[in-house]
Amino acid sequence: MRDLTITVKERPTLGFIAKNGGYYRIINNGQIINQKLNSPIGSYPIYSNFSHKRLKQISNIYAKLAKNIQTNISEIRNAPTKLNPYRIKIDMNDGNKVIADMRTVQSKLKYYPGMASQMKKKGVIDLEIGAYSYPFKDKK
(Lines give C-alpha, C1' and ligand atoms only; values in the text may rest on other atoms or scores of the structure.)
Protein backbone atom coordinates (compact mmCIF):
# COMPACT_ATOMS: atom_id res chain seq x y z
CA MET A 1 0.00 0.00 0.00
CA ARG A 2 2.29 2.72 -1.22
CA ASP A 3 0.10 4.22 -3.96
CA LEU A 4 -2.28 7.07 -3.35
CA THR A 5 -4.98 8.14 -5.76
CA ILE A 6 -6.41 11.65 -5.48
CA THR A 7 -9.51 12.61 -7.40
CA VAL A 8 -10.03 16.33 -7.93
CA LYS A 9 -13.33 17.76 -9.05
CA GLU A 10 -13.05 21.37 -10.13
CA ARG A 11 -16.09 23.53 -9.56
CA PRO A 12 -16.69 25.90 -12.48
CA THR A 13 -16.71 29.63 -11.86
CA LEU A 14 -20.11 31.27 -12.40
CA GLY A 15 -19.08 34.83 -11.73
CA PHE A 16 -17.88 37.24 -9.08
CA ILE A 17 -19.43 39.30 -6.32
CA ALA A 18 -17.92 42.65 -5.38
CA LYS A 19 -17.61 43.29 -1.65
CA ASN A 20 -15.14 44.74 0.85
CA GLY A 21 -13.13 46.41 -1.92
CA GLY A 22 -12.46 43.17 -3.79
CA TYR A 23 -14.00 40.43 -5.88
CA TYR A 24 -14.93 36.95 -4.69
CA ARG A 25 -15.47 33.97 -6.97
CA ILE A 26 -18.86 32.23 -7.09
CA ILE A 27 -18.73 28.54 -7.95
CA ASN A 28 -21.38 26.23 -9.39
CA ASN A 29 -23.26 25.52 -6.18
CA GLY A 30 -23.68 29.22 -5.40
CA GLN A 31 -20.91 29.13 -2.83
CA ILE A 32 -18.65 32.17 -2.50
CA ILE A 33 -14.94 31.33 -2.28
CA ASN A 34 -13.32 33.32 0.52
CA GLN A 35 -10.33 34.44 -1.53
CA LYS A 36 -10.21 38.16 -2.26
CA LEU A 37 -9.10 39.22 -5.74
CA ASN A 38 -8.23 42.77 -6.80
CA SER A 39 -10.16 42.38 -10.05
CA PRO A 40 -12.34 39.71 -11.63
CA ILE A 41 -10.64 37.25 -13.97
CA GLY A 42 -12.00 35.74 -17.14
CA SER A 43 -15.23 36.76 -18.84
CA TYR A 44 -17.60 35.99 -15.98
CA PRO A 45 -20.37 38.33 -14.82
CA ILE A 46 -20.36 40.39 -11.65
CA TYR A 47 -23.42 39.93 -9.41
CA SER A 48 -24.73 42.88 -7.38
CA ASN A 49 -27.29 43.37 -4.60
CA PHE A 50 -28.35 39.71 -4.24
CA SER A 51 -29.13 37.98 -0.95
CA HIS A 52 -27.28 34.68 -0.51
CA LYS A 53 -30.41 32.69 -1.45
CA ARG A 54 -31.09 34.77 -4.59
CA LEU A 55 -27.40 34.69 -5.53
CA LYS A 56 -27.51 30.90 -5.50
CA GLN A 57 -30.66 30.91 -7.65
CA ILE A 58 -29.39 33.40 -10.23
CA SER A 59 -25.95 31.76 -10.51
CA ASN A 60 -27.65 28.41 -11.17
CA ILE A 61 -29.79 30.07 -13.87
CA TYR A 62 -26.64 31.58 -15.42
CA ALA A 63 -24.99 28.13 -15.47
CA LYS A 64 -27.83 26.78 -17.65
CA LEU A 65 -27.69 29.56 -20.27
CA ALA A 66 -26.22 28.97 -23.72
CA LYS A 67 -22.47 29.78 -23.89
CA ASN A 68 -22.99 32.59 -26.44
CA ILE A 69 -25.36 34.30 -23.98
CA GLN A 70 -23.09 33.67 -20.97
CA THR A 71 -20.07 35.29 -22.62
CA ASN A 72 -22.11 38.40 -23.50
CA ILE A 73 -23.19 39.10 -19.89
CA SER A 74 -21.00 41.52 -17.93
CA GLU A 75 -23.13 42.25 -14.85
CA ILE A 76 -26.34 40.98 -13.26
CA ARG A 77 -28.03 43.22 -10.69
CA ASN A 78 -30.94 42.47 -8.39
CA ALA A 79 -33.42 45.32 -9.05
CA PRO A 80 -36.71 44.44 -7.32
CA THR A 81 -39.72 46.74 -7.43
CA LYS A 82 -42.95 46.75 -5.42
CA LEU A 83 -44.71 45.16 -8.39
CA ASN A 84 -41.99 42.61 -9.16
CA PRO A 85 -39.65 41.42 -6.40
CA TYR A 86 -37.93 39.12 -8.95
CA ARG A 87 -36.81 41.89 -11.34
CA ILE A 88 -33.18 41.87 -12.46
CA LYS A 89 -31.10 44.08 -14.75
CA ILE A 90 -28.37 42.65 -16.94
CA ASP A 91 -25.59 44.64 -18.59
CA MET A 92 -24.39 43.07 -21.80
CA ASN A 93 -20.87 43.32 -23.24
CA ASP A 94 -22.28 44.67 -26.52
CA GLY A 95 -23.61 47.81 -24.77
CA ASN A 96 -27.25 46.82 -24.41
CA LYS A 97 -29.14 46.37 -21.15
CA VAL A 98 -31.74 43.72 -20.37
CA ILE A 99 -34.58 43.97 -17.87
CA ALA A 100 -35.99 40.59 -16.90
CA ASP A 101 -37.80 38.52 -14.31
CA MET A 102 -35.60 35.99 -12.50
CA ARG A 103 -38.29 33.34 -12.86
CA THR A 104 -38.43 33.55 -16.67
CA VAL A 105 -35.04 34.94 -17.72
CA GLN A 106 -33.58 31.54 -18.57
CA SER A 107 -36.24 30.80 -21.20
CA LYS A 108 -36.43 34.36 -22.57
CA LEU A 109 -32.72 35.20 -22.95
CA LYS A 110 -32.47 32.85 -25.94
CA TYR A 111 -34.29 35.59 -27.91
CA TYR A 112 -31.65 38.20 -27.02
CA PRO A 113 -29.25 37.68 -29.97
CA GLY A 114 -32.04 38.04 -32.55
CA MET A 115 -33.55 41.09 -30.87
CA ALA A 116 -30.16 42.77 -30.40
CA SER A 117 -29.22 42.23 -34.06
CA GLN A 118 -32.40 44.02 -35.20
CA MET A 119 -31.75 47.11 -33.06
CA LYS A 120 -30.41 50.13 -34.97
CA LYS A 121 -29.02 51.72 -31.76
CA LYS A 122 -27.90 50.37 -28.42
CA GLY A 123 -30.69 50.27 -25.90
CA VAL A 124 -32.85 48.26 -23.53
CA ILE A 125 -34.37 44.87 -24.22
CA ASP A 126 -37.24 44.34 -21.83
CA LEU A 127 -38.02 40.67 -21.22
CA GLU A 128 -39.82 41.21 -17.93
CA ILE A 129 -43.35 40.56 -19.16
CA GLY A 130 -43.27 40.42 -22.95
CA ALA A 131 -40.28 40.95 -25.20
CA TYR A 132 -39.63 44.38 -26.69
CA SER A 133 -36.76 46.80 -27.10
CA TYR A 134 -36.18 50.54 -27.25
CA PRO A 135 -33.06 52.66 -27.81
CA PHE A 136 -31.32 54.60 -25.02
CA LYS A 137 -32.47 58.20 -24.75
CA ASP A 138 -30.07 60.65 -26.36
CA LYS A 139 -28.22 62.85 -23.88
CA LYS A 140 -28.70 66.56 -24.62
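Because only heavy atoms are used, hydrogens play no part in the values below, and waters and symmetry mates are left out as well, while side chains stay in.
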request  = Let me see the working for M119 and N96 under side-chain contact (heavy atoms from CB on, under 4.5 Å), right down to the final yes or no.
outcome  = CA-CA 10 Å; M119 293 174 67; N96 291 316; 3.9 Å; yes
ask   = Should L127 and I125 be marked as a side-chain contact (heavy atoms from CB on, under 4.5 Å) after you check the CA-CA gap, both sets of side-chain angles, and the distance that decides it?
value = CA-CA 6 Å; L127 303 174; I125 294 180; 3.9 Å; yes
request  = Please lay out, stage by stage, how M92 and K97 fare under the test side-chain contact (heavy atoms from CB on, under 4.5 Å).
outcome  = CA-CA 6 Å; M92 305 301 275; K97 295 188 181 293; over 6 Å; no
task = Begin with the C-alpha distance, continue with both residues' side-chain angles, and end with the deciding distance and a verdict on side-chain hydrogen bond (donor to acceptor under 3.5 Å, both in side chains) for D94 and Y112.
result = CA-CA 11 Å; D94 62 7; Y112 176 82; 2.7 Å; yes
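Residues Y47 and I26 are in side-chain contact: their nearest non-hydrogen atoms beyond the backbone lie under 4.5 Å apart.
Across all their heavy atoms, F50 and I76 have their closest contact at CE1-O, 3.3 Å. The two residues S59 and G30 have their closest heavy-atom pair at OG-CA, 3.7 Å. Between R25 and R11, the shortest heavy-atom distance links the atoms NH1-O, 3.7 Å. Scanning both residues, P80 and P85, for their nearest heavy atoms gives CB-O, 3.5 Å. Closest heavy-atom contact between S39 and Y23: CA-CD1, 3.5 Å. In plain terms, the two heavy atoms of S117 and G114 that are nearest each other are OG-O, 2.9 Å.
Taking CZ of R77 as the reference point, atom CD1 of I99 lies at 9.5 Å (rounded to 0.5 Å). Taking NZ of K89 as the start and CG of N49 as the end, the distance is 11.0 Å to the nearest 0.5 Å. S48 contributes atom OG, which lies 4.0 Å from atom CD of E75 (distance to the nearest 0.5 angstrom). Taking CD of Q70 as the start and CG of L14 as the end, the distance is 7.5 Å to the nearest 0.5 Å. The OG1 atom of T13 sits 6.5 Å away from atom CD1 of I41, with the distance rounded to the nearest 0.5 Å. The CD1 atom of I129 sits 7.5 Å away from the CG atom of N84 when rounded to the nearest 0.5 Å.
Other residues, nucleotides and ligands contribute only 12 or fewer heavy atoms inside 6.0 Å of the CG atom of N38.
Side-chain heavy atoms closer than 4.5 Å link hydrophobic residues (I, L, V, M, F, W, Y) into clusters, and following such links, even through other members, never connects Y44 to I27. By the rule that hydrophobic residues join a cluster once side-chain heavy atoms approach within less than 4.5 Å of another member, Y111 and I88 end up as members of one cluster. If you chain together hydrophobic residues whose side chains sit under 4.5 Å apart, V124 and I69 never meet in one group. Hydrophobic clustering keeps V98 apart from F136 (ILVMFWY residues linked when any side-chain heavy atoms are closer than 4.5 Å, directly or through intermediates).
For the salt bridge (charged side-chain N to carboxylate O under 4.0 Å, His left out) condition, the pairs that include at least one residue of residues 122-131, sequence neighbours left out, are R87-E128. Within the structure, salt bridge (charged side-chain N to carboxylate O under 4.0 Å, His left out) pairs that include any residue of residues 99-110 comprise D101-R103 (at least two apart or interchain).
Hydrophobic cluster of V8: the remaining members, joined at side-chain heavy-atom separations below 4.5 Å, are L4, I6, listed by chain and number.
The cationic atom of K36 (NZ for Lys, CZ for Arg) does not lie both less than 6.0 Å from the six-membered ring centre of Y24 and within 45° of the ring axis.
Between the side chain of S74 and the main chain of P45, no donor-acceptor pair closer than 3.5 Å is present. In terms of modelled atom types and a separation under 3.5 Å, the side chain of N60 and the main chain of K56 share a donor-acceptor contact.
Tested against L109, the residues I61, T104, L65, N72 include a single side chain to side chain contact (heavy atoms under 4.5 Å, CB included) partner, L65.
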